K.L.:
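One structure, as structure tokens, below. Some questions next.
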Amino acid sequence: MKKIDSIEAQLFRKEKVKIRLLWGALMLIIVSMLAMVASYISILHQQEINNKFIGSQAVERMVISNFEGQVLYLDERLEAARKIVKTSKDLQSISSFELLRNYPFKNTAIRNIIVLDREARPIAFSPSLDLPMSFEEAVKIAKNSVFDLPVSTTVTKGTRRLAARVLSVHLDDGQYVGAVIGVIDPSWIDELVNDIFKSYGMHLSLRWTELEITSTHLKGIDKNQFNPFYKDGIANKSVNLDLLVQSSFNLFESGLFWTRSLFILIFAVSIGIVCLLAGAILIQAIYKKQTRVSIREHLNKVDAELHAKFIANMSHELRTPVSGILAACEILGNSGVNVEQEKMIHLISTASGHLINLLNAILDDSKIQAHALVINRRFENFAPIINNCIELFTPLAKSKGIAISAKSSIPDGILINVDQLRLIQVITNLVANAVKFTHEGSISINTSLKFNSTEKDFAVLVCSFKDTGIGIPKSEMENLFKPFFQVDATESRSYGGTGLGLSITRKLVELMDGIIQVHSELSKGSEFTVTLPVECRQRVKDDNELEHLKSVNSGRSLKDLRVLLADDNEMIRSVYGTLIESLGCECILANDGQQAIERYKKEKFDLILMDCHMPILDGFSATAAIRQLETADVGRQVTPIVALSASLSEQDRRKCKEVGIDEFCSKPIKRKTLEELFIKVCLKDENALS
């Protein structure tokens, strides 16, 4: 559990790191976006300011140019009016018509032409005079004028200040007789501002003799508060007329292009950030879900491995005493017993065999659940496989009065690429079920190969198992291949079994890329059909193989063999030692791998039977040490080593090959099997030499 908790904590830490990296990357993206937005806004703002400056300066120059033209025209009018005043004998007699003579008003901003006496009183005016106006400042300037040239000034009209030009009038003798004043109304500038500038949030300031003569003022602006109007750059001046024009504009006026773009950009960036945050939250949720799934899968895998390991260990522990029981039964059966004793021995052997089959089924199911079962394909002759399976159940079928018939259309000499062990297991389970659930009638087994029309080396192996048994109800068909399922699951059921046979059979067929189908009718029988894709090739008989078969069957004696049996179980040592000695061999016993090595150093053996799992030193390590001793002693002959194990795991088989074990035998093992093993391993070289 600590290991599982540690792995779970590591996965959660990895998830936290991924989430932190995700949010860090997101923050970096957002900061980069904001920096780009700020840079873009700054560039856009500056570009807008530059454009406004260019436009405002053009307007300023236009205003100055227009204003200068009006002032020059006014100066001509003032000079004409001064001539009238100088030639007039009586200033009171000057009329408005006379001031307009030869110089009518054009469409200009000139408001008045006014003639003042030396006391600054208006004597004549054209076209009209809106009093009150203050002329004292203008007359004072005119009196102080030395060159009798027009001078710029201002006059007040209520709260407004109007632009004015004043020209003093002196007689030829130099006597000051009055002044002529021309008033210009700058309201046209206000109209310009209203028509053009205000729509762009701009403001124009016109200063005449350092006094502002424009009347437009923005409302709601407090000088003590932030003023949003922007002023910068060089103001346009008219040097000779004391005129200065300067424009400004509101930075946050919605009419400006950059403010509209700013709002759009901010909106777009906000949407982008929201989308990024939503995406990050979604990815975080996916990460968490994937992590939970990974943890769940890992825990399931660990649980399956622990389960498989537990089943394997239990199988090993149970198979060992059962192996001793079976061996003891075989020894007793060969020791000369009466009929009743032989019957009891047969019952014990049968019960032990059933227990072994049950252990094998449970172990296979645990391997399948843990995805640890491996299919090992080899080219095999199919006829012996199916025949041996049928022969195994023929006695039981005869005892029940059932006929088993087999028919095959597979050509002789064809080898098929299958896992022989798993195929035998499938066929055995299906034949056993047929015999088990059939009380009368027959069982027919049909096999055939359907070759591919385009690829001759590939075919489909079809095996059909048909019986006249009790059949299967339709309501139970869909549950038939589930683990531990039985059609008759009541306590009073008539048939035994664990309910694993068909479940394991289906999974084995699927692991071999095949399918299994069933057709059944209650009280009429069932038919199971297995379809497997296989690779085929023609069998080639080898002369060496034939010689080998002859040597194996030559019946040579085993009496000269010295066998070392290493096993930690006292019962196994006793019964297997007796079986070995019954073959005429000499058997030397060792309690563990270390004792086996010590025995090997002192004595010479023709064969070593090595249990894989022993205390102090196991069979794998002991075998590796013996092989090292053989390598070091050049003159010593290599001793065959056969592994005896109650475990059927593929891992043990692979480890046996790695350390140099010649053969692998699983417990329990019978006397006949031991005899065939000794002939195969110990006498094959002698037979080959003879």
Side-chain angles (χ1 to χ4, degrees), residues 1-58 197-203 218 220-222 224-234 247-305 371:
M1 288 301 296
K2 289 183 178 179
K3 183 178 180 181
I4 294 175
D5 293 339
S6 174
I7 293 172
E8 186 175 355
Q10 290 178 3
L11 290 173
F12 274 118
R13 280 198 295 270
K14 289 181 179 179
E15 179 197 7
K16 288 181 179 179
V17 171
K18 289 180 179 179
I19 291 175
R20 288 174 181 172
L21 290 174
L22 170 67
W23 283 103
L26 177 64
M27 291 300 106
L28 182 61
I29 292 173
I30 292 176
V31 170
S32 301
M33 288 177 61
L34 293 176
M36 292 174 63
V37 168
S39 176
Y40 177 75
I41 289 174
S42 176
I43 294 172
L44 188 64
H45 182 202
Q46 190 61 44
Q47 183 179 1
E48 186 71 17
I49 290 175
N50 293 337
N51 292 338
K52 292 301 177 184
F53 274 137
I54 294 172
S56 62
Q57 287 177 0
F197 276 20
K198 281 189 177 180
S199 61
Y200 291 95
M202 299 183 67
H203 174 68
L218 294 178
I221 296 178
D222 188 351
N224 297 325
Q225 296 179 352
F226 171 69
N227 189 346
F229 273 82
Y230 187 88
K231 288 185 178 182
D232 200 359
I234 301 173
S247 59
S248 58
F249 53 89
N250 192 334
L251 297 179
F252 303 102
E253 175 66 36
S254 61
L256 293 179
F257 171 75
W258 84 278
T259 53
R260 293 195 301 270
S261 301
L262 174 62
F263 293 147
I264 295 173
L265 188 61
I266 291 175
F267 177 75
V269 171
S270 302
I271 294 296
I273 292 175
V274 169
C275 292
L276 286 174
L277 292 174
I281 294 172
L282 180 61
I283 294 173
Q284 179 178 340
I286 293 174
Y287 270 145
K288 288 184 177 180
K289 184 176 180 180
Q290 288 180 341
T291 302
R292 293 190 187 98
V293 171
S294 300
I295 292 174
R296 192 179 302 112
E297 290 178 351
H298 181 77
L299 293 179
N300 291 338
K301 182 179 179 181
V302 171
D303 182 66
E305 290 176 353
H371 305 286

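Small disclaimer: the values here were computed from a predicted structure and weren't measured.
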K.L.:
Indicate yes or no for a side-chain donor-acceptor contact from Ser39 to the backbone of Ala35 under 3.5 Å, with no hydrogens or angles considered.
P.N.:
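No, because the side chain of Ser39 does not come within donor-acceptor range (under 3.5 Å) of the backbone of Ala35.
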K.L.:
Take a 6.0 Å sphere around CE of Met27 and say whether it holds more than 12 heavy atoms from other residues, nucleotides or ligands.
P.N.:
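Yes, CE of Met27 has more than 12 neighbouring heavy atoms, counting only those of other groups under 6.0 Å.
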K.L.:
Can you list everything that forms a side chain to side chain contact (heavy atoms under 4.5 Å, CB included) with Ile271? Sequence neighbours excluded, please.
P.N.:
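Testing Ile271 for side chain to side chain contact (heavy atoms under 4.5 Å, CB included), a comparison that skips the adjacent residues, returns Phe267, Cys275.
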